[in-house]
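Below is one structure, written out as structure tokens, with a few remarks after it.
Per chain, numbering begins at 1; letters A, B, ... match sequence-line order.
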Amino acid sequence: MTIIEILKNAVLESLAIYGQSFTPKDFQVSETNPEFEGDYTVILFSLIKNLKKSPDVLGSELGKHIIENNGSIFYGFNVIKGFLNISVTDEYLTAFLQKNHNHKSFGKQQPNGKKIMVEYSSPNTNKPLHLGHLRNNFIGWSIAEILKANGYEVIKTCIVNDRGIHICKSMLAWQLFANGATPQSTNMKGDHFVGDYYVKFNNEYKKQVEELIQTGRTKDEAEKEAPLMKETQQMLVDWENNDAEVKQLWKKMNAWVYEGFEITYKRIGSDFDKTYYESETYLLGKDFVYEGLDKGILYKKDDESIWIDLTENGLDEKLVLRGDGTSVYITSDIGLAKQKYEQYGPDQSIYVVGDEQNYHLKVLQVICKKLGMPFADGIYHLSYGMVELPTGKMKSREGTVVDADDLIDEMILTAKRHTEELGKVKDFHEEELQKLYETLGLGAMKFYLLRVDPKKRMVFNPEESIDFHGFTGPFVQYTFARIQSVLKKVGSLQLAVASEQQTTNNYPPSTIHQLLPLEKQLILKLEQFSAAIAQARDELNPSVIANYVFHLAKIFNSFYTEHSIVNAENELKKNLRLSIADMTANVLGSGMQLLGISMPDRM
RNA sequence: GGCCCCGUAGCUCAGUGGAUAGAGCAACAGCCUUCUAAGCUGUGGGUCACACGUUCGAAUCGUGUCGGGGUCACCA
């Protein structure tokens with residue numbers, strides 16, 4: 001149990017003396033504002049109405065009662081206006097520290113038997129990944145880790161959008177303009193190579209449309225009649241008819257893209273337990289359409305197309321099958337959702353998808369519900385905001401995207417520059433250096449993208465490079481490296497002995513009441529780690545963890561500057577501070593691991 | 001136009017019913033003979049878009065206005 005939970009229970013027990021029943025939701029407990037004495041605060045306003053007591057009287061009575069019955073945990077209180085401020089005893093905190101400082105998985109929950117699927121990443125195979133994909137990947141990966149830390153079994157999945165008209169565009173452009181060039185012959189990364197042909201297509205297509213408009217066509221007509229568009233559509237038809245030549249080209253170009261993606265995914269540490277390919281799933285979902293038709297949930301229009309009416313849900317009428325019997329996006333998505341459920345039987349299925357698809361995901365869930373799918377209620381759209389540039393949205397077609405590979409390179413280079421300027425690791429071998437640059441560069445980038453609430457849009461300014469100071473990944477990594485340095489200096493042997501002494505022989509009573517403010521603050525903060533993990537799960541929000549580790553590191557750095565660990569006043573203090581340092585490093589390490597960020601021992 | 005999201009310091013963001021609204025960056029002033037200065041300490045910086053309302057108490061909840069974005073495809 002956390003201290004806040006203990007305090008809440010203590011309040012409830014104390015309230016029982018008034019003969020009324022209360023629940024934990026009837027009052028709030030928060031951290032005490034630093035300007036007042038105390039560690040945690042019970043807010044009394046919501047209670048005084050029912051009890052018809054003044055805040056002062058209620059606060060005093062509660063405070064007294066809580067301390068009488070929980071003397072080993074709480075020791076002093078004051079009541080100011082409607083706030084009851086209570087202090088936590090040093091005994092409790094030191095005992096907590098002794099018990100947990102060496103506990104590597106502190107804060108994490110035991111398996112709870114529930115299974116959650118997390119779908120993220122979902123790239124298109126016609127262009128390389130950009131900054132928006134990075135945000136998606138980092139959020140998805142981190143959410144999976146956070147769920148695991150809360151005891152869930154997690155299956156990470158990815159649906160690759162490897163077919164459709166947009167894929168044919170780059171295929172056609174390659175056929176027309178490449179003269180047989182390959183990633184090898186041009187020495188390019190496969191996904192970038194293919195992406196360039198997608199851009200090429202759009203440029204040429206635009207020219208054709210403009211020419212047609214000059215001959216007097218409307219924009220709509222021109223867009224439909226442009227030869228490139230007609231050829232693309234023909235190619236899609238050929239693809240669906242299993243035309244050998246088209247399929248072969250498709251396979252060849254997709255292989256190039258996968259090769260490129262593989263490199264990027266490996267660098268950023270994204271991985272999946274199961275990858276679905278749209279080319280294999282796009283035909284799914286037709287069976288339920290005919291079922292739904294029989295049940296009268298769906299209806300057919302004159303042109304044989306099949307629809308569902310969602311107007312009673314505040315949505316529109318939605319097409320689920322074209323007149324020619326082919327699927328649309330929503331149909332295969334429902335089919336895939338069903339397949340995922342049949343294959344893995346998750347209790348919940350989280351879709352990490354951009355907020356521009358809010359409507360689509362809403363429709364998906366509503367249709368599944370109407371069709372009586374058992375997994376409908378478990379669908380959850382983790383809707384994250386777009387990464388925008390100061391000039392607005394990133395648009396592939398206008399070349400205003402921040403390329404993922406470029407950004408990663410730049411981050412690693414910046415890490416290298418900082419490291420060389422500081423010159424602290426001159427004894428590192430080339431391989432160690434390279435690893436360090438990656439750890440720091442990726443750490444900075446992941447932290448930057450995860451420290452913001454996923455739901456919110458965020459602005460990235462390419463002119464200002466991502467920082468390595470302040471509220472950043474490297475700041476937390478630096479704190480960790482400093483601790484490692486201290487622990488190394490003392491030697492792991494001594495630390496082991498120290499912790500053994502502490503658990504077998506308690507501190508003499510005369511010394512335990514003397515935690516210094518920063519020591520106490522740190523232990524209190526460490527104690528809140530499990531609450532942070534739980535909050536991150538409740539909100540499906542990695543930024544909770546980013547904020548937590550930053551604040552912990554911040555307090556530690558103040559402590560580190562203020563008090564010497566190795567040259568502490570006496571052996572007891574030294575052991576205490578070593579335990580604090582050790583536990584801080586452990587918690588920073590597991591917190592950052594939840595964000596997909598690794599820690600260097602030196603930097 | 002309908003529906004949805006957002007508006008907090010110069011910039012990027014926390015805070016979503018509690019005490020005098022916080023960080024980081026940027027600016028300025030200090031701190032390395034002592035465990036890593038990618039650090040620490042301090043200063044300045046706010047009409048929480050605006051108005052009205054609910055409440056003992058509102059950045060937080062409600063209504064309206066203004067501003068920004070998304071979406072409303074037989075694209076994915």
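Phosphate contact (OP1/OP2 of G7(B), side-chain N/O of K456(A), threshold under 4.0 Å): present. At least one side-chain nitrogen or oxygen of R322(A) sits closer than 4.0 Å to the OP1 or OP2 atom of C75(B). Applying the 4.0 Å criterion to OP1 and OP2 of G17(B), one finds that Q28(A) has every side-chain N and O outside that range. Here H469(A) reaches the OP1 or OP2 of G39(B): one of its side-chain N or O atoms lies under 4.0 Å away. One finds no side-chain N or O of R457(A) lying less than 4.0 angstrom from the OP1 or OP2 phosphate oxygen of G7(B). An OP1 or OP2 oxygen of A76(B) is reached within less than 4.0 angstrom by a side-chain nitrogen or oxygen of R163(A). In this model, the phosphate group of C40(B) is approached by a side-chain N or O of K554(A) to a distance below 4.0 Å at OP1 or OP2.
Atom P of U16(B) sits at a distance of 13 Å from the matching atom of U60(B), rounded to the whole Å. Between U41(B) and A51(B), the two P atoms lie 37 Å apart (nearest whole Å). Here the separation of U71(B) from G53(B), taken at their C1' atoms, is 31 Å to the nearest Å. As rounded to the nearest Å, A27(B) and G44(B) have C1' atoms that lie 9 Å from one another. Look at the P atom in both G46(B) and G10(B): the space between them is 7 Å, to the nearest Å. If you take atom C1' in G17(B) and the same atom in A23(B), they sit 22 Å apart, rounded to whole Å.
By the 30° and 60° cut-offs, the orientation of the rings of Y205(A) relative to F201(A) is parallel.
Note: CD (E539(A)) to C1' (G15(B)) measures 11 Å, nearest angstrom. The CG atom of L44(A) sits 14 Å away from the C1' atom of G57(B) (whole-angstrom rounding). Across the protein-nucleic acid pair, D467(A) atom CG and U12(B) atom P stand 14 Å apart, rounded to whole Å. Between E562(A) atom CD and C40(B) atom C1' there is a gap of 9 Å when expressed in whole angstrom units. At whole-Å resolution of the value, CG in N557(A) and C1' in A23(B) are 15 Å apart. When the P atom of U16(B) is taken as reference, atom CG of D538(A) falls 13 Å away, rounded to whole Å. Taking atom CD1 on I555(A) and atom P on C40(B), their separation rounds to 12 Å, with Å as the unit. Look at NZ on K25(A): it is 13 Å from P on G17(B), rounded to the nearest Å.
Shown here for I139(A) and P454(A), the closest heavy-atom pair between the two residues is CD1-CB, 3.8 Å.
In this structure, the nucleotide among C75(B), C35(B), C72(B) sitting nearest to the side chain of V566(A) is C35(B). Listed nucleotides: C74(B), C40(B), A19(B). Nearest to the side chain of K81(A): A19(B). Checked against A14(B), U12(B), G39(B), the side chain of R451(A) finds its nearest nucleotide in U12(B). The side chain of V486(A) lies closest to C35(B) when the candidates are C35(B), C25(B), U71(B). Each of C40(B), A76(B), C35(B) was ranked by its minimum atom distance to the side chain of F475(A); first place goes to C40(B). For Y478(A), counting side-chain heavy atoms from C-beta on, the closest listed nucleotide (A19(B), G17(B), G39(B)) is G39(B). Listed candidates were A37(B), C74(B), C40(B). Nearest to the side chain of S558(A) is C40(B). Distance from the side chain of M458(A) is smallest to C13(B) among G24(B), C13(B), G39(B). Here the nucleotide nearest the side chain of F471(A), chosen from A19(B), G24(B), C6(B), is G24(B).
Under the side-chain hydrogen bond (donor to acceptor under 3.5 Å, both in side chains) criterion, H360(A) pairs with D333(A), sequence neighbours left out.
When heavy atoms are screened at a 4.0 angstrom cut-off, N313(A) is found touching no nucleic acid atom at all. Contact annotation for D333(A): no contact, since no heavy-atom pair falls under 4.0 Å across all strands. If you check every strand for non-hydrogen atoms under 4.0 Å, F550(A) touches sugar and phosphate atoms only. At a threshold of 4.0 angstrom between heavy atoms, the contacts of T41(A) include nucleobase atoms, whether or not backbone atoms are also involved. Residue H166(A) is in sugar-phosphate contact alone, with no base atom involved, counting any heavy-atom pair closer than 4.0 Å across all strands shown. When heavy atoms are screened at a 4.0 angstrom cut-off, L440(A) is found touching base atoms of the nucleic acid. Using a 4.0 Å heavy-atom cutoff across all strands shown, F36(A) reaches at least one base atom of the nucleic acid. Contacts of E278(A) with the nucleic acid, taken as non-hydrogen atoms under 4.0 Å apart, involve only primed sugar atoms and P, OP1 or OP2. Heavy atoms of I565(A) sit under 4.0 angstrom from at least one base atom. Nucleic acid contact class of T419(A) (heavy atoms, under 4.0 Å, all strands): base. Contact annotation for N126(A): no contact, since no heavy-atom pair falls under 4.0 Å across all strands. Looking at heavy-atom distances under 4.0 Å, F83(A) makes contact with a base.
Between Y380(A) and Y351(A), the gap from one ring centroid to the other reaches at least 6.0 Å. For H418(A) and F468(A), the ring centers are positioned less than 6.0 Å apart.
Using a 90° window around 0 for the glycosidic torsion, C56(B) falls outside it and is classed as anti.
When side chains are defined from C-beta on, R135(A) counts as touching Y384(A), because their heavy atoms get closer than 4.5 Å. No side-chain heavy atom of E31(A) sits under 4.5 Å from any side-chain heavy atom of D39(A). Counting heavy atoms from C-beta on, the side chains of F471(A) and F447(A) come closer than 4.5 Å.
In this structure, F45(A) forms no aromatic stack with the base of G57(B), since the conditions of centre separation below 5.5 Å and plane angle below 30° are not both met.
For D316(A) against A73(B), a side-chain-to-base donor-acceptor contact under 3.5 Å is absent. Contact annotation: side chain of D355(A) to base of C4(B), donor-acceptor pair absent below 3.5 Å.
With salt bridges taken as basic N to acidic carboxylate O contacts below 4.0 Å, one links E356(A) and K393(A).
Both tests do not hold together for R451(A) against F550(A): distance to the six-membered ring centre under 6.0 Å, angle to the ring axis within 45°.
E519(A) places no side-chain N or O within 3.5 Å of a backbone atom of F559(A) that could act as its donor or acceptor partner.
In this structure, T479(A) and Y448(A) both approach RNA chain B, and ranking their closest nucleotides by distance from the 5' end singles out Y448(A). Along RNA chain B, the nucleotide closest to K49(A) and the one closest to F468(A) are compared, and the more 5′ of them pairs with F468(A).
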Task: Base-pairing string, 5' to 3', of RNA chain B - Watson-Crick or wobble, under 3.5 Å, | interstrand - done: ((((((((.[[[[.)..(...]]]].(((((.......))))).....[[[[[..)....]]]]])))))))....

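Exactly one residue among F77(A), F27(A), Y40(A), F45(A) makes a ring pair (Phe, Tyr, Trp, His ring centres under 6.0 Å) with F83(A). That residue is F45(A).
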